[in-house]
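Notes to accompany the following structure.
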Amino acid sequence: MMRWSFRRPGFWQLVFALILGVGLYSTVVRFTGGLGASTALSDAFPWGLWIGFDVLCGVALAAGGFTLSAVVYIFNVERFRPIIRPTILTAFLGYALVIVALLFDLGRPYRIWHPLVMWNPHSVMFEVAWCVMLYTTVLALEFSPMVFERLRLERPLRILHALTVPLVILGVILSTLHQSSLGSLYLIVPEKLHPLWYSPLLPIFFFISAIALGCAMPIFESFLSYRAFRKRLEIELLADLGKVIVVTLAVYLVLKIQDLAGRGVLSRIVEPTYEGRMFLAEMLLGVIGPILLLSLRRIRTDHFGLFVSAVLVVLGFIMNRLNVSITGMEASSGVSYFPSWTELSVTLMIVALGFALFGAAAKYLPVFPEKERLPAPTLVEPPAVAVLRRPWIGTTPLVLILGGLFFIGAMGSAYSGLQHRERALATAPASEESEPEIADGLERFEVPPDVTFPQGEASPGPVTFRHASHLNWERPNCTICHHEPFRMLKAFGSVTASPARDLHDERHCGRCHDGRTSFSVKEECTACHRP
Amino acid sequence: MVAFFVILTIIGFILVDSFVQWVEARQGLTLRRTAPRPELVPALALETISVPAGLFLDEGHTWVRLEPSGRTLIGMDEFVRRAIGRVDAVELPNVGSVVRRGDPLFTVTQNGRRAVFRAPLTGVVSAVNENLARLPETGRMDPYEEGWVCALKPKDLAVHLRHLFIAEEARAWLRWETERFKEFLTRCPMPQSALGQVLQDGGQWAEGILEMLDEAGWEEFARTFLQSPRSSAE
């Protein structure tokens, strides 16, 4: 997937090209058609795959960067130095891609700079936006030495070197803030998020799980690098990371159980519901499985064992974030959300870009240490003990069996969750449209301005469109016209900006002015054209 | 629903990748297996066979590296590695087992034919390269680093080291071995076309040429080149 040979593209190059093609097409659809046309999102379900996967998981990729740079530069644990660069690179790419994903997800992406100048310190989004911007800058600075080294630019290297420790400290603060502020985002929706996930401790859970993911990523990347360049990190280092993962996840597990018990929802885990089963799946996959696998020394000191455990951690993590952002919200929103193909293809494109960029960086920049040292002797035992300790099953099969068990268990649980949900949906009485609470908004409601259309050549008279005569005052609904049939934004080609369109047709004013809903465009010319 | 779908997609990608890797490995093999078409035989000049300075070579075509820690690493040298070509499996020694110089240490299998390598030193096996068990082709390109087979905690090192070749001695010996190997090949029953091509200009032989030998040829090879080293009592 990372070897770029121009002679004969390999399988993954072709897949990459395909994903990129579809993704670019979706990009065009999204930016010309808008969110409504390109996503399965709705007012009831405004945050979907792009936020749940691209943003939440992308940001967490950076956790490895700040944990390890703190360990090495602040606590001076030198042995982890070889892992620093891959993790910084991951963090940087993670954030860069989060910004790309945000550009897709924001309704008006060209306003992404607004929080810079228009401060609203009461908003969690404000904190998130600032953290993203500042931390991306810090990461870019931390990443740049690799580029300078490659280009042999001594002077900037020296400057950056002097800046290392302040940068690291800044990075640690920002990243800690950001990881947990993402959790805080979901603190605002206590009545919407399912109680299995909603917890006042959510920011802390987000933070701890991000650290576990941060430690799993170097293992995964070491595998990727080995696959592409036959170069990888030392097993002892990775085994130590494995230990850190076990401890972090154990803390997470204990806190989680305490939290659930404290809020009195512990029993809901085993209830046969959609949410309960998904929660179980997430815990099996991302917490209990890796803890068990990585506590076995044999698995921890084996590249394959480490790889499988890291994959479990990553999958469990992704599942957790998607559960918080999607699964836990589905019941309260009353709609079932499944991403549209545009959302899927854009996400795939972003992930594929991440892989490609990582590959290119690993190839052209000094990311991984020069040469893997051969493993040091594990421990020399007297032969008799060695015979006794001889494993009854090879490490690889052991890893496959254990990892497979956890994976299949988790997926089985998730699948049964889906079935419960289907059953619940089938038996539930067709619930009437959920009623959004609009009374508060109505008090402050102002009628949008009248629009006088620029007159066409043959037009019998100027036409003024009055919002006032088109809105139901009890519950004004803007979506029957915006964005279909009338886009509000001039930037995206509003009807006033393009006289080429016939405004009488059934895609525009004629949709209602057809003689049935209201007077017809074919008859009462003067109702609109006031001479 | 979404979470379930995303996880399955990711696993799907990983499985496809494993399959792709497997296919690539297989393609590599078949390319090499169809090698007898003469024009495809990859010819290698003898000069390209190397031995890094500081490595000891044994008569049984194993190499030994002394580490500052006192441990020794052992593997097969580039000469046999290239001659054998494809490797289907490597039987590693058990960690903790005691071996004496000349004892069988590890075995390489190709297509059911086996070549037993003998221990160049006496000592206790303290680590083995698990990668070889999983991916026997590990170290094909880099037999002196990635292709290490096992680590030994040596005994009576000074005595046994005297039997090993180092530096120019090692190179001279390798040159002599390659000459011997050419001679050996001319004696061997094998597809004439391939051999004619391989040896025509007197200095070239094919990588993985042992893949073309039959059972008897392999036995002969093992007897001539991987023989039991002189016992240390000599």
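So that the names make sense, note that chain A is the first sequence line, chain B the second, and so on, each numbered from 1.
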Steps toward side chain to side chain contact (heavy atoms under 4.5 Å, CB included) verdict (A/Phe53, B/Val2)
CA-CA 10 Å; A/Phe53 184 78; B/Val2 183; over 6 Å; no
Please classify the contact of [X] with chain B as side chain, backbone, both or neither, using a heavy-atom distance under 4.5 Å.
{"X": "A/Tyr337", "answer": "both"}
{"X": "A/Phe407", "answer": "side chain"}
{"X": "A/Val311", "answer": "side chain"}
{"X": "A/Leu418", "answer": "side chain"}
{"X": "A/Asp302", "answer": "side chain"}
{"X": "A/Tyr415", "answer": "both"}

Is there a side-chain contact between B/Val23 and A/Phe11 in this structure, where contact means two heavy atoms from C-beta onward sitting under 4.5 Å apart?
no
Are A/Thr327 and B/Phe4 packed together at the side-chain level, in the sense that at least one heavy-atom pair is separated by less than 4.5 angstrom?
no
Which value, rounded to the nearest 0.5 Å, describes the distance between B/Thr9 atom OG1 and A/Ile318 atom CD1?
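One finds 10.0 Å between OG1 of B/Thr9 and CD1 of A/Ile318.
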Using non-hydrogen atoms and a 4.5 Å limit, figure out which bit of B/Phe5 sits close to chain A: side chain, backbone, both or neither.
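Side chain only.
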Given the options A/Met319, A/Arg321, A/Met278, which has more heavy-atom pairs under 4.5 Å with chain B than any of the others?
A/Met319
May I ask you to name which of A/Leu322, A/Val314, A/Asn320 has the most heavy-atom pairs under 4.5 Å with chain B?
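Among the listed options, the one with the most contacts to chain B is A/Leu322.
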Tell me whether A/Phe338 at atom CZ has more than 12 heavy atoms from other residues, nucleotides or ligands lying less than 6.0 Å away.
yes
B/Ile7 and A/Leu315: which non-hydrogen atoms are nearest, and at how many Å?
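Residues B/Ile7 and A/Leu315, closest heavy atoms: CD1-O, 3.3 Å.
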